[in-house]
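For reference, the structure discussed in these notes is given below.
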Amino acid sequence: MPEFFEESEEEEDQLPDIEGEEVVMRMAPYPSGPLHIGNSRMVILNDEYVKRNDGKLILFFDDTIGSKEKKLQHYAYDMIKDGLDWLGVDYHEVYYKSDRMDIYYEYAEKILEKGEAYICECSAERLQKNRREGEECPHRSQSVEKNLKMWQAMLDGAYEEGEAVMRIKTDMQHPNPAFRDRVLFRICNREHPRVANKYHVWPLLEFSWAIDDHLLGMTHILRGKDLVMEDQMEEHIWDIFDWDAPEFLHYGMLRLKDVHLSKSEFQEKIRTGEMSGWNDPRTWSLQSLRRRGIQPEALRDFILGFGMSKTDIEVPASKLYAENRKMIDSKANRYFFVPEPVKITLEGDIELDEVEVPRHPDHEERGNRKIKTAREVLIPKKEWEEKQGEEIRLKNFCNIKLDGKKGVITGSGRRDLIKIQWLPEGLDAEVEMPDSTVVTGKVEKGMSSVSEEELIQFERFGFVKVQGKEPVFACYAHS
RNA sequence: GCUCCCGUGGUGUAGUCCGGCUAAUCAUAUCGGCCUCUCGAGCCGAUCACACGGGUUCGAAUCCCGUCGGGAGCACCA
């Protein structure tokens, strides 16, 4: 406990303080899949700020209908909560955008009445062209009455998808073309996982957020810098309603080296069977990290170490592994795992019985595990290939010189040789690697006393988290 | 192309707002050495950075201008 205190004290300097007596923040995941390591920055930062300021954190499912590419998934809601629980993120209230459609409609009407928005029947192409060229379309100058009528028609289903949208009036000469008369509502007939086909006019994020951030009394909004334009849009809408603006905080883009994260892509690969599910380590989902034995505290430290800078960063996954290793090294008991075993026969004088190996080199109190010694032993294929003709030590047993499938015993005293793991025989075992390939091999029989889900280290192989024991199946965390 | 953001060692990060206390912090990585019957952990040491060019100033990583480089947005996605 004192260590934890020290840690967080240190970490405190990494985040800039925020102003305000009361802090209310929200995190808004889009439920197209479970949270992955990329999303964890958003939730951890929110959680951290709220905890440090004794504030309130709202979990707000940003489940408007989305695009065809990013599909909402009914199971994602629970997986997101599951991930947050695991991460130790405490939220105090839960909301769903899909529950609040009537509220958005109400304010949509108000904004039309104020003459600050209009219903546009231009095609998407036309709309984009006008935006690029800064030209106003004829719909922009329609009367309020006409707009309200068309809006009602939208709600009544008189338009098909793409035939009409509600747009806000900004300034078609706005220096940022992207800002010009953005779309606030559009028609979509796709089925929603929570409210099915109840609605077919859906708000876009800038509008729904402008309304909810105000209604729910948000004091600070934390978002990636990919969403900075949304700040401006929200501020514009708040101005129209004469509402006070919360404070915005931004962080830069975070990428893992050599890792490409895309939920819609994973969704597709899972659908086609190319990935086994969201447990697949390649998804980097929080669930898959838990399965590998990554500690939530390690992930939190990893993320907090980046602070709040707007700099874009690319970090190797080994940085996360280093954090994790610190936390699990003393917990994880040691066992022998022989990947791709090759059987060799020992020749020469040796007394056969059993050897004792400590469960943990730094914790003798955990006792020893016993391994029977035998003439025929299994060693890893890698060393068998690389160390031919050389002298090596079978750890805690004896020294041998490799000669094909023979091991000529050269003594049993400890010597300064490379020491490898070995087994007389063993239980079948499989280890799933981070790239989802599987390494097969044998583990010592003592493994049968290991509990499921236990985090252990296979000596000279890496840390793994046990998933099952018949046969032994484990997920590789890192070296 | 347009709008905005960012540029400190291999990778991240502190310091930049309020210029001197910094011959620039910490972590990780790398390389040595010690220790250890694991290629794990631990301990000790070493290497390595203020993008560039001007300006302001007694003094600039810190302020100003310019250049270059990187990123994000420019969707009827979030």
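These numbers were taken from a predicted model, which means no experiment stands behind them. All values below come from the heavy atoms of this structure, side chains included, with hydrogens, waters and symmetry mates left out. So that the names make sense, note that chain A is the first sequence line, chain B the second, and so on, each numbered from 1.
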Tell me what [X] touches on the nucleic acid: a base, only sugar-phosphate, or nothing, going by heavy atoms under 4.0 Å.
X        : result
A/Ser208 : nothing
A/Pro175 : sugar-phosphate
A/Phe463 : sugar-phosphate
A/Gly162 : base
A/Cys398 : nothing

How far does the [atom1] atom of [N] sit from the matching atom of [M], given to the nearest Å?
N     : M     : atom1 : value
B/A51 : B/C44 : P     : 31 Å
B/C74 : B/G54 : C1'   : 34 Å
B/C64 : B/C6  : P     : 12 Å
B/G12 : B/G53 : C1'   : 28 Å
B/C34 : B/C52 : P     : 40 Å
B/C4  : B/U11 : P     : 29 Å
B/G32 : B/C68 : P     : 42 Å
B/C31 : B/C48 : C1'   : 12 Å

Nearest whole angstrom, please: distance from the [atom2] of [N] to the [atom1] of [X].
X        : N     : atom1 : atom2 : value
A/Ile420 : B/G40 : CD1   : P     : 16 Å
A/His363 : B/G42 : NE2   : C1'   : 11 Å
A/Trp209 : B/C77 : CH2   : C1'   : 15 Å
A/Glu160 : B/C76 : CD    : P     : 19 Å
A/Leu417 : B/C39 : CG    : P     : 12 Å
A/His200 : B/C76 : NE2   : C1'   : 14 Å
A/Phe337 : B/G40 : CZ    : P     : 18 Å
A/His236 : B/U3  : NE2   : C1'   : 17 Å

Could you check whether the side chain of [X] and the base of [N] have a donor-acceptor pair of N or O atoms closer than 3.5 Å, going by distance alone?
X        : N     : value
A/Glu314 : B/U11 : no
A/Glu383 : B/C39 : yes
A/Arg460 : B/G40 : no

Look at the side chain of [X] and decide which nucleotide, out of [options], has an atom nearest to it.
X        : options             : value
A/Ser309 : B/U11, B/U13, B/A41 : B/U13
A/Ile313 : B/C37, B/U13, B/G40 : B/U13
A/Asp329 : B/C5, B/A41, B/G12  : B/A41
A/Asp62  : B/A78, B/U13, B/G40 : B/A78

Please name the nucleotide paired to [N] by Watson-Crick or G-U wobble geometry with both distances under 3.5 Å, or report none.
N     : result
B/U13 : none
B/C52 : B/G66
B/U3  : B/A72
B/G20 : B/C58

Mind checking whether [X] and [Y] have ring centres under 6.0 Å apart?
X        : Y        : value
A/His174 : A/Phe179 : yes
A/Phe458 : A/Tyr335 : no
A/Tyr49  : A/His220 : no

Verify whether one side chain among [X] and [Y] offers a donor that lies under 3.5 Å from an acceptor in the other.
X        : Y        : value
A/Asn147 : A/Gln142 : yes
A/Arg366 : A/Asn333 : yes
A/Thr410 : A/Glu391 : yes

*With RNA chain B as reference, determine whether A/Phe185 or A/Arg414 sits nearer its 5' end, using the nearest nucleotide of each.*
A/Arg414

*More 5' along RNA chain B: A/Lys310 or A/Phe397, using each one's nearest nucleotide?*
A/Lys310

If you restrict it to nitrogen or oxygen atoms, what contacts under 3.5 Å exist between nucleotides 27-30 of chain B and the protein, and what is each distance?
{"residue": "B/A27", "atom": "N3", "partner": "A/Lys319", "partner atom": "NZ", "Å": "3.2"}

*State which residue, out of A/Lys169, A/Arg140, A/Arg167, fulfils the side-chain hydrogen bond (donor to acceptor under 3.5 Å, both in side chains) condition with A/Asp181.*
A/Arg140

*I would like to know whether A/Tyr77 and A/Phe61 meet ring-ring contact (aromatic ring centres under 6.0 Å, His included); could you show each step before the answer?*
CA-CA 8 Å; A/Tyr77 294 86; A/Phe61 284 104; 5.0 Å; yes

OP1 or OP2 of [N] less than 4.0 angstrom from a side-chain nitrogen or oxygen of [X], does that happen here?
X        : N     : result
A/Ser479 : B/G40 : no
A/Arg334 : B/U36 : no
A/Arg186 : B/C77 : yes

*Sugar-phosphate means primed atoms, P, OP1 and OP2; the rest is base. With that split, encode nucleotides 67-75 of chain B 5' to 3' as B, S or - using protein heavy atoms under 4.0 Å.*
---BSSBSS

*Name all residues meeting the side-chain contact (heavy atoms from CB on, under 4.5 Å) criterion together with A/Ser208; count only those two or more places apart in sequence or in a different chain, and write none if there are none.*
A/Lys97, A/Tyr104, A/Pro203

*Would you find a donor on one side and an acceptor on the other, under 3.5 Å apart, between the side chain of A/His192 and the backbone of A/Val195?*
yes

_Charged tip of A/Arg26 within 45° of A/Trp209 ring normal and under 6.0 Å_ = yes

*Ion pair A/Glu459/A/Arg334, N-O distance below 4.0 Å*: no

*Answer yes or no: is there a side-chain heavy-atom contact under 4.5 Å between A/Pro434 and A/Arg292?*
yes

